Amino acid sequence: QRCCICRLWGASVTCRGRRCSRIFHFPCGSERGCVSQFFGEFKSFCWKHRPVQCVRAVQQDQTLCLICQEAVAGQPCYDTLVCPACASAWFHRRCIQGQALRSARHHFRCPLCQDVATFQEEMFRLGIKIPDG
C-alpha cells in the first residue's frame with residue numbers, strides 16, 4: 001500500500017475512521033498527528049478522525065505544562081492534553097508521553113490530582129503509550 005503522507009510504498013496502518021481509506025506508515029502518521037491506541041483492538045486514526053478531548057477546562061492566563069513548565073495551547077488539542085479528572089493539569093503530548101514511558105502503568109497518574117483510572121483511560125484513548133512494566 002502507498003502511504004497517504006509520504007507517498008512511498010509499504011504503508012500498513014489503516015485509519016479506523018468511518019469510511020476513511022487513509023493508509024500510512026506508523027512514523028509518518030506520528031509526525032502528521034495521527035493517533036494509534038495501544039490497547040484493545042490497537043486502532044489507529046488519521047489526523048481527521050483521531051479522538052479529541054471533551055474536557056471543560058479553563059485556563060488562567062498563560063497555562064504551563066506541568067512537566068516542562070513551558071506554555072501550552074489555549075485549549076485541548078493534539079499537542080496539548082488535559083487531565084480529565086481535575087481539568088487543571090495541562091501537558092504537552094510529548095511531555096506526558098515521556099512521563100508514561102518512565103512511569104509505566106503501575107505509577108502513571110495525573111501529576112496534579114494523582115488520579116489513576118480516569119487519567120490512564122483518557123491517555124490510552126488519546127494514543128499515549130503506557131508500558132505494562
Side-chain angles (χ1 to χ4, degrees):
Q1 299 284 341
R2 189 180 291 256
C3 178
C4 68
I5 299 167
C6 74
R7 312 303 294 163
L8 297 175
W9 293 98
S12 60
V13 181
T14 304
C15 177
R16 295 288 295 269
R18 194 170 178 180
R19 295 191 182 112
C20 185
S21 60
R22 289 187 180 97
I23 298 173
F24 46 90
H25 298 108
F26 182 79
C28 294
S30 294
E31 288 177 19
R32 181 68 159 77
C34 300
V35 166
S36 291
Q37 297 175 333
F38 298 95
F39 69 99
E41 296 178 40
F42 291 88
K43 296 178 184 176
S44 292
F45 302 90
C46 71
W47 57 93
K48 185 175 179 183
H49 299 108
R50 66 186 175 214
V52 295
Q53 278 198 287
C54 299
V55 176
R56 288 182 180 229
V58 179
Q59 285 190 8
Q60 306 295 330
D61 299 318
Q62 182 76 19
T63 300
L64 303 179
C65 171
L66 279 180
I67 298 166
C68 73
Q69 294 297 300
E70 293 184 14
V72 294
Q75 60 188 12
C77 61
Y78 177 75
D79 291 317
T80 299
L81 306 179
V82 180
C83 173
C86 68
S88 297
W90 294 65
F91 337 92
H92 295 110
R93 174 178 288 275
R94 69 182 183 277
C95 294
I96 202 64
Q97 178 60 80
Q99 186 81 10
L101 293 174
R102 286 186 295 276
S103 302
R105 191 173 305 184
H106 184 68
H107 297 289
F108 186 57
R109 62 193 71 226
C110 173
L112 187 62
C113 71
Q114 302 296 305
D115 178 85
V116 175
T118 305
F119 183 73
Q120 283 188 11
E121 182 179 331
E122 179 76 342
M123 295 301 114
F124 268 133
R125 189 181 72 80
L126 296 169
I128 300 300
K129 181 171 179 34
I130 309 169
D132 284 332

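Sequence positions, counted from 1, serve as the residue numbers for this chain. From a predicted model like this one, the values you see are computed outputs, not experimental measurements.
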Here the gap from L64 atom CG to E70 atom CD, rounded to the nearest 0.5 Å, amounts to 9.0 Å
Angle class for the F39/F124 ring planes (parallel below 30°, perpendicular above 60°, tilted otherwise)?
-> tilted
> Should we count CD of Q114 as having more than 12 external heavy atoms under 6.0 Å?
Replying inline: yes
How about R93 and L126: do any of their side-chain heavy atoms sit closer than 4.5 Å? yes
dist C83:SG -> I96:CD1 (nearest 0.5 Å) comes out at 9.0 Å
Q. Are V72 and V55 co-members of a hydrophobic cluster defined by side-chain heavy atoms under 4.5 Å apart?
A. yes
Check your understanding: Any side-chain heavy atom of M123 within less than 4.5 Å of one from L81?
Key -> yes
Derivation of the side chain to side chain contact (heavy atoms under 4.5 Å, CB included) call for C113 and S88
CA-CA 8 Å; C113 71; S88 297; over 6 Å; no
Is the ring pair F91/F119 parallel, tilted or perpendicular, if the boundaries are 30 and 60 degrees?
perpendicular
Distance col, row Q120:CD vs C110:SG, nearest 0.5 angstrom, shows 11.5 Å
In this structure, CD1 of I130 is separated from CD of E121 (nearest 0.5 Å) by 10.5 Å
Subject >> Backbone of Q99 reached by a side-chain donor or acceptor of S103 within 3.5 Å >> reply: yes
So do C46 and C20 actually touch side chain to side chain, heavy atoms under 4.5 Å? yes
Item checked: Test item: C34 and R50 side chains (from C-beta on) under 4.5 Å apart, heavy atoms -> no
(message) For the backbone of R7 and the side chain of R2, can you confirm whether one donor and one acceptor N or O come within less than 3.5 Å of each other?
(response) yes
Practice item. Go through the steps to decide whether F42 and S36 satisfy the test side chain to side chain contact (heavy atoms under 4.5 Å, CB included), and finish with yes or no. Key: CA-CA 7 Å; F42 291 88; S36 291; over 6 Å; no
Distance col, row K129:NZ vs R105:CZ, nearest 0.5 angstrom, shows 9.0 Å
(request) Please say whether the positively charged group of R32, taken as NZ for Lys or CZ for Arg, lies over the ring of F24, i.e. under 6.0 angstrom from the six-membered ring centre and within 45 degrees of the axis. (result) no
According to a hydrophobic-cluster definition based on side-chain heavy atoms being under 4.5 Å apart (Ile, Leu, Val, Met, Phe, Trp, Tyr only), do F108 and L112 belong together?
yes
Would you say the side chain of W90 lies within less than 4.5 Å of the side chain of I67, judging by non-hydrogen atoms? no
Is there a side-chain contact between W47 and V35, using heavy atoms and a 4.5 Å cut-off? no
Heavy-atom closest pair (T80 atom, A73 atom, distance to 0.1 Å) is OG1-N, 3.2 Å
Q: Find out whether Q97 and H92 are in side-chain contact, i.e. whether some heavy atom of one side chain is under 4.5 Å from a heavy atom of the other.
A: no
**Prompt:** Counting distance only, does the side-chain N/O of Q37 pair as donor-acceptor with the main-chain N or O of R125 below 3.5 Å?
**Reply:** yes
Task: Expected output: side-chain S30 to main-chain C28 donor-acceptor under 3.5 Å - done: no
* Intermediate values then yes/no, side chain to side chain contact (heavy atoms under 4.5 Å, CB included), Q53 and V82 -> CA-CA 8 Å; Q53 278 198 287; V82 180; 4.0 Å; yes
Notebook entry, point to check: Is the closest side-chain heavy-atom distance between R16 and H49 below 4.5 Å?
Noted result: no
Taken to the nearest 0.5 Å, the spacing of I23 CD1 from S44 OG works out to 11.5 Å
